[in-house]
Structure formats: C-alpha cells, structure tokens
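For ligands, and for the atoms within them, numbers begin at 1 and follow the listed sequence.
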Amino acid sequence: MVAEIVDGKKIAAQTRAALAQRIAERTGRAERRPGLVTILVGDDPASKVYVGRKQRESKEIGMHSESAVLAVDCTQKELVATIVAYNQRPDIDGILVQMPLPKGLDEDAAIRAIDPCKDVDGLHPMNQGALFTGKPGMRPCTPAGCMRLLESCGYDPAGKHAVVVGRSRLVGKPIAIMMLDRHATVTICHSRTADLAAEVGRADIVIAAVGSPALVRGEWIKPGAFVLDVGINRVDGKLVGDVDTAAAAERAGWITPVPGGVGPMTVAMLLENTLTACELRDGDQR
Ligand code: NDP
C-alpha cells in the first residue's frame, strides 16, 4: 500500500477561503472585522517566523491584525498588563501569546490572564475544562487542525483505535479527548511507555506529537492506518516530523507530510477560532 499524502496546505487554504468569505459577509453587512493580536516576547527566530505567518494570513483573509512585541527582559507584570489591555479592547477578539516565553516568565500565569473568550489558542483552564467536559469553548488549534484533516479525508474515528504519542497540554492531551469525543478508543503514550512499537502497531490512527525526528518507525505502522505527524524538527537545515515518513507511507493509508501537513492547519484553526470568538462576542452565532 502507498499512502495518500494528506495535503494540509491545500485544506488550510480552503479553510482560509471560507473564513475570508464569512468575514466579507460581515463587512458587507457593515459589521466589524474580527481582530487578532499576537504577543511576542523576545526575538526567538522560530517564534518570529510563526508570529509573522499568523499576522500575514490573518490580514490576507480580511482580519484586523496587530502585534505587540515585548523585550526579552520584560517582567511578568508588564506581560500581564499587555494582555489585560487587549482583554479590554473591544476591537480585539483573539489574543495569542507566542510560546515558549523566555526563561523567568510564567507561561501558566500569562495564559490565565487572557480573557477565556479571547483565548484563541484554547489553553486557558476554562477552555481546557470545557474540552474535558464536552462543553462549547475555544479548542486548541493543532489538535483541532488534526481532526479537520481526518474529516477532510472522510475518515470517521468512531470505533477506531487512536494512539497518541505525547501527552502535552498543547497537543497530546487535547487530541486524546477530541478523539474520545469522536468515539475512538484512545491510548496515550509518553516517554515512560514500555513498548511504543507495540502500541503504535495496534493503531488505526497514529498521532505523533513528541519532537523527536523519525521516532515513529515505518515498520511499526499498521497497514492502512491514518498517520498524523505533528512533530516539527530541524535536521541538517530541513524540517522533518516525528514519523519516518518515507517508510511509513509504504504501509499507511493516509499520512500528513512535514512540512505542509498539520502545521498550516494550526494557523487556519487559529484564524477560525478568532472569527468564532468575534461572532460569539457580537452575539451573531450561527
Ligand atoms: P512537548 O515537549 O510538550 O511534549 C512532548 C511529549 O512527547 C511529552 O509528553 C513526552 O513524554 C513525549 N515523549 C518524549 N520522548 C518520548 C519517547 N521517546 N517516546 C514517547 N513519548 C515521548 O511537545 P509538544 O506537544 O509541545 O510538541 C510536540 C511536537 O509537535 C514538537 O516537535 C513541536 O514542535 C510540534 N508542534 C507542532 C505544531 C504544528 O503546528 N505542527 C504545533 C505544536 C507543536 P513525557 O510527558 O513523559 O515527558
């Protein structure tokens, strides 16, 4: 079997086009544009690239977009004051604090300072609690993007065995809950898992979110499995995922490439969350 390569770039572009249409309809009715602010602390090159992309893509679909850049040695108080100021701005619907923050700053406290209604990354405890209890709320972007990729291939997780490798707040834990909500049977693996190869070998759906190049080997993949590779690793100047893509593609039914798979969907879901936040705040939920 040779896997279908799931084109995240194309699906993200379709998602953005649909969002641009919804924004154009709003502005056509003389309603305000959704507003997104990205808050970057310091000048980490990778973070600058990510923030730049979020800025560019939000503008392209017609959002109001602005960025706040704080010095690497800014205090927690300054960071929280910046967040609170955006909480109070009526034209801002989404607040994204680019992680990781420089050493010495408390990421949890920064996330807690964001108004949960503007927490478009879905990391505030209110939103994480909503996810856990199956209530409406902002969903974390990367797992939401993975679910959208499954849907775009017409793949129904119900009754399937999903194996998540990684248990972070950002990816592993939320995607496990989302898979459970879609009636998959879920296993979560991590650094203490005794036999990762055996766990992955039982998976109809593999979600690799570790940050370790080619950790998931091709021969582990059950024939026909759906492989979602979340990892982003730089090896010899090239981006690679957590899955040995070439070997896994020989066995999988579907596989997401790196780059061009999950990554573009993460940004698309951030934009979707921002528009949804705007609609909810304006009371025009459809
Ligand atoms: P974290 O570092 O927060 O979590 C990594 C997880 O992997 C941990 O739960 C850890 O286990 C587990 N792990 C580490 N080593 C092993 C191992 N040998 N076997 C099994 N599990 C292991 O990472 P994130 O979840 O934030 O990110 C994961 C990857 O996804 C990174 O490459 C990141 O760059 C990428 N990423 C990509 C995004 C995208 O848009 N495509 C968005 C966000 C992240 P333990 O808990 O036991 O330590």
Short N or O distance, Leu215 and ligand 1, threshold 3.5 Å exclusive: no
Short N or O distance, Ile232 and ligand 1, threshold 3.5 Å exclusive: yes
Among protein heavy atoms, which lies nearest [atom], and at what distance?
| atom | answer |
| --- | --- |
| atom 25 (O) of ligand 1 | Ser168 OG, 2.5 Å |
| atom 42 (C) of ligand 1 | Thr142 OG1, 3.2 Å |
| atom 21 (N) of ligand 1 | His190 C, 3.1 Å |

4.0 Å heavy-atom contact, Gly263 with ligand 1: yes
Donor-acceptor under 3.5 Å (Asn87 side chain, Ala113 main chain): yes
For [atom], the option (of [options]) bearing the nearest heavy atom:
| atom | options | result |
| --- | --- | --- |
| atom 37 (C) of ligand 1 | Leu196, Val230, Val200, Thr193 | Val230 |
| atom 11 (O) of ligand 1 | Ser191, Ala209, Gly211 | Ser191 |
| atom 7 (O) of ligand 1 | Val210, Thr266, Val262 | Val210 |

Lys160 to Tyr155, cation-pi by 6.0 Å centre distance and 45° axis angle: yes
Is_contact(atom 27 (O) of ligand 1), protein non-hydrogen, under 4.0 Å: no
